[in-house]
Amino acid sequence: MTVAKYSASGNDFVIFHTFVKKERNGLAQTLCHRQEGVGADGLIVLLPHERYDFEWQFYNADGSVAAMCGNGSRAAAHYAFSRGLAPNRMRFLTGAGVIEAEVDGSIVTSELTPPQIIDKNIEAFEKTWWLVDTGVPHLVAFVDKVDSFDLREARELRRQYDANVNIAAIEGGLLRVRTYERGVENETLACGTGMAACFYRGNQEGKVGDCIAVMPASGERLELAKKGDTLTLKGEVRHTFDAMMERDFD
Ligand SMILES: N[C@H](CCC[C@H](N)C(=O)O)C(=O)O
């Protein structure tokens with residue numbers, strides 16, 4: 001069985017497509033394992049759908065299911081287009097709803113589901129956090145500089161709120177974001193829905209305009225923008241390699 005490896009701004013995924021819809025929690029753990037498997041932050045499986053270009057299953061590296069993944073949606077769109085499974089402008093079904101994406105060479109733009117503010121007044125670790133749902137839940141705090149990210153704090157908040165944890169700062173006209181990702185249980189090099197949640201809080205508080213360049217830990221810049229009541233996430237996607245797996249699965 002051949003699977004594709006993708007990087008979307010440093011957030012990396014194993015992707016394949018199949019006609020067989022079944023649970024793949026264990027397969028996700030196996031394929032995403034950094035030493036024993038291909039190694040990735042998540043597994044994406046594309047399935048046919050009668051109304052949309054495809055439906056997907058998204059699993060975090062620990063095998064947990066997540067409703068949405070912003071960077072994963074961009075990687076899945078590039079995979080689908082490059083394999084003739086979808087046109088360059090597509091609509092596909094995720095656990096958070098229907099996502100629209102557009103592929104333009106290596107640049108892929110996803111339109112996320114409308115952000116929902118769950119809580120704006122969470123006081124913890126001398127910071128005020130917002131809890132924002134951008135397809136999955138994200139805690140967001142603005143800090144002066146993102147040079148230091150206390151992962152001990154992040155792990156505690158992730159546990160307490162069952163959410164991803166983000167710190168953000170506006171530096172040199174850029175929105176810098178660092179994310180501790182639920183289901184990876186560590187900081188990742190980029191998190192699309194996390195960057196979107198930080199952008200949304202910054203925009204709601206008048207800190208940033210309706211469009212801004214965002215810099216994740218990977219240093220691979222993306223563009224976040226408001227589009228009506230939704231948000232768009234635009235950035236590069238790379239198909240890094242294909243892996244021929246000895247053990248067969250579907
Ligand atoms: N770890 C997230 C899902 C992946 C989100 C992230 N990779 C993105 O690009 O949005 C969660 O379980 O809520």
Side-chain angles (χ1 to χ4, degrees), residues 5-15 24-25 28-29 31-32 34 39-45 56-79 92 94-97 99-101 108-116 118 129-140 149 151 154-155 157-168 175 177-201 214-218 220-224 230-238:
K5 178 70 191 291
Y6 268 82
S7 173
S9 310
N11 213 182
D12 60 347
F13 307 97
V14 174
I15 306 180
R24 292 186 166 93
N25 311 76
Q29 290 177 305
L31 291 175
C32 294
R34 292 286 178 190
D41 294 330
L43 168 65
I44 299 171
V45 182
W56 86 353
Q57 294 174 305
F58 181 87
Y59 296 91
N60 284 308
D62 68 355
S64 59
V65 173
M68 180 49 193
C69 176
N71 286 324
S73 71
R74 298 190 301 112
H78 191 281
Y79 176 95
F92 58 94
T94 72
I99 296 295
E100 295 193 14
V108 186
T109 305
S110 282
E111 184 172 324
L112 305 181
T113 51
Q116 307 289 331
I118 301 165
W129 304 79
W130 283 24
L131 184 56
V132 182
D133 188 305
T134 47
V136 288
H138 285 273
L139 285 163
V140 175
F149 187 16
L151 295 185
R155 279 194 185 92
L157 289 169
R158 174 265 179 273
R159 186 191 61 77
Q160 203 173 332
Y161 291 91
D162 190 24
N164 304 276
V165 182
N166 306 263
I167 58 169
L175 179 61
V177 173
R178 294 182 68 175
T179 305
Y180 177 96
E181 266 202 59
R182 178 179 73 168
V184 179
E185 301 311 333
N186 210 334
E187 179 180 8
T188 54
L189 292 176
C191 177
T193 50
M195 287 184 273
C198 294
F199 166 65
Y200 187 65
R201 174 173 179 177
V214 180
M215 187 69 81
S218 65
E220 296 186 40
R221 186 183 298 212
L222 296 100
E223 182 185 288
L224 267 289
T230 64
L231 305 174
T232 59
L233 175 67
K234 178 178 181 179
E236 187 180 2
V237 166
R238 288 190 304 279

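The basis for the numbers below is simple: all heavy atoms, side chains too, and nothing from hydrogens, waters or symmetry mates. Note that ligands are numbered from 1 as they come in the structure, with each ligand's atoms numbered from 1 the same way. Just so it is clear, the structure is predicted and the values come from calculations on it, not from any experiment.
Scanning the protein heavy atoms around atom 12 (O) of ligand 1, the nearest turns out to be N60 ND2, 2.8 Å. In terms of protein heavy-atom proximity, atom 4 (C) of ligand 1 is closest to E181 OE1, 3.4 Å. Counting only heavy atoms of the protein, atom 13 (O) of ligand 1 lies nearest to N164 ND2, 2.8 Å. In terms of protein heavy-atom proximity, atom 9 (O) of ligand 1 is nearest to G192 N, 2.8 Å. Of the protein's non-hydrogen atoms, the one nearest atom 10 (O) of ligand 1 is T193 OG1, 2.5 Å.
Listed by number with element, the atoms of ligand 1 under 4.0 angstrom from any heavy atom of V136 are 13 (O). Against a heavy-atom cut-off of under 4.0 Å, N11 is close to the following atoms of ligand 1: 6 (C), 7 (N), 8 (C), 9 (O). Those atoms of ligand 1 with a heavy atom of N71 less than 4.0 angstrom away are 8 (C), 9 (O).
For the residue pair R182 and R158, the shortest heavy atom distance occurs at CG-NH2, 3.2 Å. Here the shortest heavy-atom pairing between A190 and M195 reads CB-CE, 4.2 Å.
Inter-residue side-chain proximity for T230 and E100 is flagged as unmet; no heavy-atom pair is nearer than 4.5 Å. Between S73 and F58 the shortest side-chain heavy-atom distance does not fall below 4.5 Å.
If you look at A66 next to ligand 1, the close heavy atoms, those under 4.0 Å, all belong to the side chain.
Within 6.0 Å of NZ in K234 there are 12 or fewer heavy atoms belonging to other residues, nucleotides or ligands. Within 6.0 Å of atom CZ in R221, 12 or fewer heavy atoms from other residues, nucleotides or ligands are found, so the atom counts as exposed in its surroundings.
Not a single heavy atom of G183 sits less than 4.0 Å from an atom of ligand 1. Within the structure, the closest approach of M68 to ligand 1 falls below 4.0 Å when heavy atoms are considered. Not a single heavy atom of V184 lies less than 4.0 angstrom from ligand 1.
By the ring-ring contact (aromatic ring centres under 6.0 Å, His included) test, Y6 pairs with H78, H239, sequence neighbours left out.
A donor-acceptor pair is defined here as one N or O able to donate and one able to accept, closer than 3.5 Å; no such pair exists between the side chain of T94 and the backbone of M68.
On a distance-only criterion, P137 and ligand 1 share no N/O pair closer than 3.5 Å.
T179 and N166 form a side-chain donor-acceptor contact under 3.5 Å, judged by distance and modelled atom types alone.
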